[in-house]
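Please read all numbers here as calculations on a predicted model, not as lab measurements. Keep in mind that the numbers below use all heavy atoms, side chains included, and drop hydrogens, waters and symmetry copies.
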Amino acid sequence: QVRLVESGGGLVQAGGSLRLSCALPDMVFTSYDMAWYRQAPTKQRELVAAISTGGTTIYANAVKGRFTISRDNAVKSAYLEMNSLKPDDTAVYYCNAKWFGRGQGSWGQGTQVIVSS
């Protein structure tokens, strides 16, 4: 029902950078809390970063200082800037959108990030 369009994944060497994007082209974007989750093959899905409608951010300890979440309300998109990437960052990254932070939210299709050593 809520369409999320993810892009930006790929293959990068350790120490490199990638930027993921997540667009909600059909919705009132300012009404949604946005978040990025990731799931590695041998791990449970985990929260990576989140940003509220008001711009408040949270980060997983594993990525704090390396990743930055942001949003651009003018283009209805959220971003995840990933720097100093490590092999442990390898995962499928999923965007999530919650209407005013309520409920379980809607999910993007996922984008693969592979970090080689």
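Minimum heavy-atom separation, Ala35 to Leu47: CB-CD1, 4.0 Å. For Ala97 against Leu24, the heavy-atom pair with the smallest separation is CB-CD2, 3.7 Å. Contact detail for Pro87 and Ser117: the closest heavy-atom pair is CG-CB, 4.0 Å. Nearest heavy atoms, Met27 versus Val2: CG-CG1, 3.8 Å. The shortest heavy-atom contact between Tyr59 and Ala49 is CD2-CB, 3.6 Å.
Tyr94 and Tyr32 fall into different hydrophobic clusters, where Ile, Leu, Val, Met, Phe, Trp and Tyr side chains are chained together by heavy-atom contacts under 4.5 Å. The same ILVMFWY cluster, assembled from side-chain heavy atoms under 4.5 Å apart, contains both Met34 and Phe100. By the rule that hydrophobic residues join a cluster once side-chain heavy atoms approach within less than 4.5 Å of another member, Val92 and Val113 end up as members of separate clusters. Each of Val5 and Leu20 belongs to its own hydrophobic cluster when Ile, Leu, Val, Met, Phe, Trp and Tyr are linked at side-chain heavy-atom distances under 4.5 angstrom.
A donor atom on one side chain and an acceptor atom on the other are not found under 3.5 Å apart for Tyr37 and Arg45.
Put simply, the side chain of Thr53 never gets that close to the backbone of Ser31: no donor and acceptor are under 3.5 Å apart. Judged by distance alone, with hydrogens and angles left aside, the side-chain atoms of Thr111 form a donor-acceptor pair with the main-chain N or O of Gly9 at under 3.5 Å. Side chain of Lys98 to backbone of Ser106: no donor-acceptor contact under 3.5 angstrom is found. In this structure, the side chain of Gln39 does not engage the main chain of Tyr93 through any donor-acceptor pair within 3.5 Å.
The structure places CG of Leu4 at 4.5 Å from SG of Cys22, a figure rounded to the nearest 0.5 Å. Going from atom CD1 of Ile69 over to atom OG1 of Thr56 covers 11.5 Å, rounded to the nearest 0.5 Å.
Annotation: side chain of Val63 is in contact with side chain of Arg38 (closest heavy-atom distance under 4.5 Å). The closest side-chain heavy-atom distance from Cys95 to Trp107 is not below 4.5 Å.
Among residues at least two apart or in separate chains, salt bridge (Lys or Arg N to Asp or Glu O under 4.0 Å) pairs with a member in residues 60-69 are Arg66-Asp89.
Atom CD of Gln109 has more than 12 neighbouring heavy atoms from other residues, nucleotides or ligands inside a 6.0 Å radius.
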Pairs under 3.5 angstrom only: tabulate donor-acceptor contacts from the side chains of residues 77-86 to other protein residues two or more places apart or in another chain.
from: Ser77; atom 1: OG; to: Val75; atom 2: O; distance (Å): 3.1
from: Asn83; atom 1: OD1; to: Ser17; atom 2: OG; distance (Å): 2.8

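We find that Asp26 and Arg3 are joined by a salt bridge, their nearest charged nitrogen and carboxylate oxygen being less than 4.0 Å apart.
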